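Quick notes on the structure that follows.
So that the names make sense, note that chain A is the first sequence line, chain B the second, and so on, each numbered from 1. This structure is a prediction, so every number in the text was calculated from the model and none was measured.
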Amino acid sequence: MAAATTMHLGGDQAARFESRAATRETPLVKWLILGTALSFFAVFLLMPLIAVFVEALRKGWETYATALVDPDALSALRLTLLAAAIALPLNLVFGVSAAWAIAKFEFRGKHFLITLIDLPFSVSPVIAGLIYVLVFGAQGWFGPWLSEHDIKIIFAVPGIVLATVFVTFPFIARELIPLMQAQGKEEEEAAIVLGANGLQTFWHVTLPNIKWGLLYGVILTNARAMGEFGAVSVVSGHIRGETNTLPLHVEILYNEYQFAAAFAVASLLALLALVTLGIKTWVEHRAAAAWRNSQDDAS
Amino acid sequence: MSAAKTFRVLPGFNLTLGYTLGYLSLIVLIPLAAVFLKTAELSFGEFWNVVTAPRVVASYKLSFGMSLLAAAINAVFGLMLAWALVRYTFPGKKLIDALVDLPFALPTAVAGISLTALYAKNGWLGQYLDVLGIQVAFKPLGVLVALVFIGLPFVVRTVQPILEDLDTELEEAATSLGARRWQTFRHVILPILLPALMTGFALAFARAVGEYGSVIFIAGNIPMVSEITPLMIITKLEQYDYTGATAIATVMLILSFILLLVINGLQAWTAKRTGRDR
């Protein structure tokens, strides 16, 4: 499931194909393919992105700024940051731990375990929210016990954090598992044999080898955590100033016909997406360079 | 192999595997099991009545139909985009390559309101389509547009690495044997790409079926016409009909599990066909 979200290290290959007659199309066909592909890209990806910013500024900078410093918007921003700040380290520890167990050791059921780790990717976000309602909601398994002890999880911040953890669950693990499998375990074994303990080995040997993959997973996790809508929507209860994240705040403003304000807050999230893509591209670039260096060293 | 079983040089196996299994169970497996246990409270007749109610069936038709169509559109245009990115030099290529992942990074609610603004009657695209008599926003066609948006990177990113790895020798051999360019594509390149293309199609389809945020703004959510299945779950939840919501979720989960198996199979096939690790 993760094929589309794992790091992509291919450099520009166009010259290789364009230099040979056998791997070239006639100019007409080439321009037809290129034109169609770029038009499709422009209509389906570029225009929605640009529209966010144009709509956000439609009523001028003042409306834009007002929407962003609105107390409800600021509290939504705080909750969004909080959810990401909790989900990220939890899934980071899990991802490293799962990758260590899966990549460095042989055991039965490994492929099945990887499939299970992938599950949250293939579950609808709405169901991701629903499952926590079934466990912690008023009618859920722990509902009566929780209300007896005056603990709120659903329609409260813990539910939002749980839903966020669920939807971002596989990202880091799925990035690290193939990477650490490809690197093998000889370097770590050498470190252990030379007297390093497990943590030293991880810190000084493994971590430098996986840092780009780790960073890549962290960026994707963060983007999804801050942008999640469906799962969070189910468990939030939409209490303004309390259980609204930024994406939910966008929905509320939009449904109240405050379009300029909705798009203003949305533009903040779109900026986050652009920064994410920027860092992601830079990480891929660095990782590709590191990989080429290691290939050169090997030969 | 046998040495690894009896004596492990590296430490931490029990700790990391134990933590992995514990965390996986707590966050994913046990809560997911709740769906099936809750559904089991219903008799089969009750379950069947919920999941085959006319409004729910209409939502399956819309969700599955539009998801299939969106995945097919993405398979065609995603392949062209991947082809252009790998094989041609053009200005702005690096930027476009990076922006292909936008649907992964852009929050779905943002995509939803933006697409709605574009395709509304007075929107940039909607005003021209309106002249042609085509309405997209608040119609089933709007669902399709949103699903095309979120599915595109899945096809591009699964096909692109396979295209990059392709040996030029294959095409040179085909050409020297007298094949025309189209024949080379049809009989040499496409068979190599097919497993990856189908994987991308299946990934885009799986994502589309469960998608919620980008769709609900543009769909209009008219009962029997433009309600997607995830919305039916939300509707039931808002009416405090937890068993009803869970029954529909069960249907979706079973489909997701089947798709997950299909995708795993397809990825294994891709790996075998191309010698790549997945």
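Heavy atoms of A/Leu90 lying under 4.5 Å from chain B belong to its backbone as well as its side chain. A/Leu274 touches chain B through its side chain: at least one heavy atom from C-beta onward sits under 4.5 Å away, while N, CA, C and O do not. Heavy atoms closer than 4.5 Å to chain A are found in the side chain of B/Lys93, but not in its backbone. For B/Leu231, no part sits under 4.5 Å from any heavy atom of chain A, backbone or side chain. With a 4.5 angstrom heavy-atom cutoff, B/Arg87 touches chain A via backbone and side-chain atoms both. With a threshold of 4.5 angstrom between heavy atoms, A/Ile192 approaches chain B through side-chain atoms but not through N, CA, C or O. Only the side chain of B/Leu152 comes within contact range of chain A, with heavy atoms under 4.5 Å apart. Neither the backbone nor the side chain of A/Leu199 comes within contact range of chain B; no heavy atoms are under 4.5 Å apart. Looking at B/Leu95, neither its backbone nor its side chain comes within 4.5 Å of chain A, counting heavy atoms on both sides. Of the two parts of B/Phe185, neither the backbone nor the side chain holds a non-hydrogen atom closer than 4.5 Å to a non-hydrogen atom of chain A. Only the side chain of A/Val54 comes within less than 4.5 Å of a heavy atom of chain B; its backbone N, CA, C and O stay farther away. Within the 4.5 angstrom heavy-atom criterion, atoms from both the backbone and the side chain of B/Thr246 approach chain A. B/Ala245 touches chain A through backbone and side chain together, each having a heavy atom under 4.5 Å away. Both the backbone and the side chain of A/Thr115 come within less than 4.5 Å of a heavy atom in chain B. Neither the backbone nor the side chain of B/Leu261 comes within less than 4.5 Å of any heavy atom of chain A. For A/Val52, the parts sitting under 4.5 Å from any heavy atom of chain B are the backbone and the side chain alike. Looking at A/Glu55, the atoms closer than 4.5 Å to chain B (heavy atoms on both sides) all sit in the side chain, from C-beta outward. Contact annotation for A/Val93: both backbone and side-chain heavy atoms come within less than 4.5 Å of a heavy atom of chain B. Interface remark: A/Arg224 contributes no atoms to any contact with chain B (heavy atom separation under 4.5 Å). Only the side chain of A/Phe40 comes within less than 4.5 Å of a heavy atom in chain B; its backbone stays farther off. Using a 4.5 Å cut-off between heavy atoms, B/Thr20 contacts chain A through both its backbone and its side chain. Heavy atoms of B/Leu10 lying under 4.5 Å from chain A belong to its backbone as well as its side chain. With a 4.5 angstrom heavy-atom cutoff, B/Ile27 touches chain A via backbone and side-chain atoms both. Interface remark: A/Leu269 contributes backbone and side-chain atoms alike to the contact with chain B (heavy atom separation under 4.5 Å).
Of the possible donor and acceptor atoms, one in the side chain of A/Asn91 sits under 3.5 Å from a partner among the backbone N and O of A/Val165. Using modelled atom types, one side-chain atom of B/Ser63 and one backbone atom of B/Thr229 make a donor-acceptor pair closer than 3.5 Å. Counting only distance, with no hydrogens or angles, the side chain of B/Asp167 and the backbone of B/Leu170 share no donor-acceptor pair below 3.5 Å.
Heavy-atom pairs under 4.5 Å with chain B were tallied for A/Gln139, A/Glu284, A/Glu251; the largest tally goes to A/Gln139. Most heavy-atom pairs under 4.5 Å with chain B, from the set A/Thr276, A/Val135, A/Leu130, A/Leu248: that is A/Leu130. For the set A/Tyr132, A/Phe259, A/Phe202, the entry with the most heavy-atom pairs within less than 4.5 Å of chain B is A/Tyr132. Chain A forms more heavy-atom pairs under 4.5 Å with one residue of B/Ile73, B/Val76, B/Leu166, B/Leu259 than with any other, namely B/Leu166. Between chain A and the residues B/Leu255, B/Val156, B/Leu102, the largest count of heavy-atom pairs under 4.5 Å involves B/Leu102. In terms of heavy-atom pairs under 4.5 angstrom with chain A, the leader among B/Leu125, B/Leu266, B/Leu163 is B/Leu125. Top candidate by heavy-atom pairs under 4.5 Å with chain A, chosen from B/Leu106, B/Thr175, B/Thr89, B/Asp97, is B/Thr89. Listed options A/Pro247, A/Ser233, A/Ala262, A/Ala101 were ranked by heavy-atom pairs under 4.5 angstrom with chain B; first place goes to A/Ala101. If you tally non-hydrogen atom pairs under 4.5 Å between each of A/Thr281, A/Thr201, A/Ile33 and chain B, the highest count goes to A/Ile33. Counting heavy-atom pairs closer than 4.5 Å to chain A, the top-ranked of the candidates B/Leu21, B/Leu81, B/Leu79 is B/Leu81. Listed options A/Ser124, A/Ser97, A/Gly227 were ranked by heavy-atom pairs under 4.5 angstrom with chain B; first place goes to A/Ser97. Counting heavy-atom pairs closer than 4.5 Å to chain A, the top-ranked of the candidates B/Phe77, B/Tyr212, B/Phe149, B/Phe257 is B/Phe77.
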B/Trp83 vs A/Phe17, side chain to side chain contact (heavy atoms under 4.5 Å, CB included): CA-CA, chis, key distance, verdict: CA-CA 11 Å; B/Trp83 186 274; A/Phe17 293 106; over 6 Å; no

Side chain to side chain contact (heavy atoms under 4.5 Å, CB included) between B/Leu253 and B/Phe36, worked out: CA-CA 9 Å; B/Leu253 272 183; B/Phe36 294 101; 4.0 Å; yes

Working for side chain to side chain contact (heavy atoms under 4.5 Å, CB included), residues B/Phe90 and B/Leu85: CA-CA 9 Å; B/Phe90 52 92; B/Leu85 287 172; 4.0 Å; yes

B/Ile216 and A/Phe229: CA distance, side-chain angles, deciding distance, side chain to side chain contact (heavy atoms under 4.5 Å, CB included) verdict: CA-CA 11 Å; B/Ile216 50 150; A/Phe229 176 75; 3.8 Å; yes

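Judged by the 6.0 Å and 45° rule, A/Lys30 forms a cation-pi pair with B/Tyr88. Geometric assessment of B/Arg180 against the ring of B/Trp182 yields a negative cation-pi assignment under the 6.0 Å and 45° thresholds.
Here B/Tyr23 and A/Phe94 bring their ring centres to under 6.0 angstrom of each other. Note: B/Phe13 and A/Phe107 meet the aromatic proximity criterion, with ring centroids under 6.0 Å apart. Ring centers of B/Phe217 and B/Tyr119: at least 6.0 Å apart, outside the cut-off. For A/Phe171 and A/Phe121, the distance between ring centers is under 6.0 angstrom.
A salt bridge does not link B/Glu171 with A/Arg20: every distance from a Lys NZ or Arg NE/NH1/NH2 to an Asp or Glu carboxylate oxygen is 4.0 Å or more.
Side-chain atoms of A/Glu188 and A/Thr206 include a donor-acceptor pair closer than 3.5 Å. A/Thr23 and B/Glu172 share no donor-acceptor pair across their side chains, judged by distance under 3.5 Å alone. For the 3.5 Å distance criterion, the side chains of B/Thr250 and B/Thr39 qualify, holding a donor opposite an acceptor.
The side-chain heavy atoms of B/Pro230 and B/Glu211, taken from C-beta on, include no pair separated by under 4.5 Å.
Of all heavy-atom pairs between A/Gly129 and A/Val234, the closest is C-CG1, 3.7 Å.
Within a 6.0 Å radius of OH in B/Tyr240, no more than 12 heavy atoms belonging to other residues, nucleotides or ligands are found.
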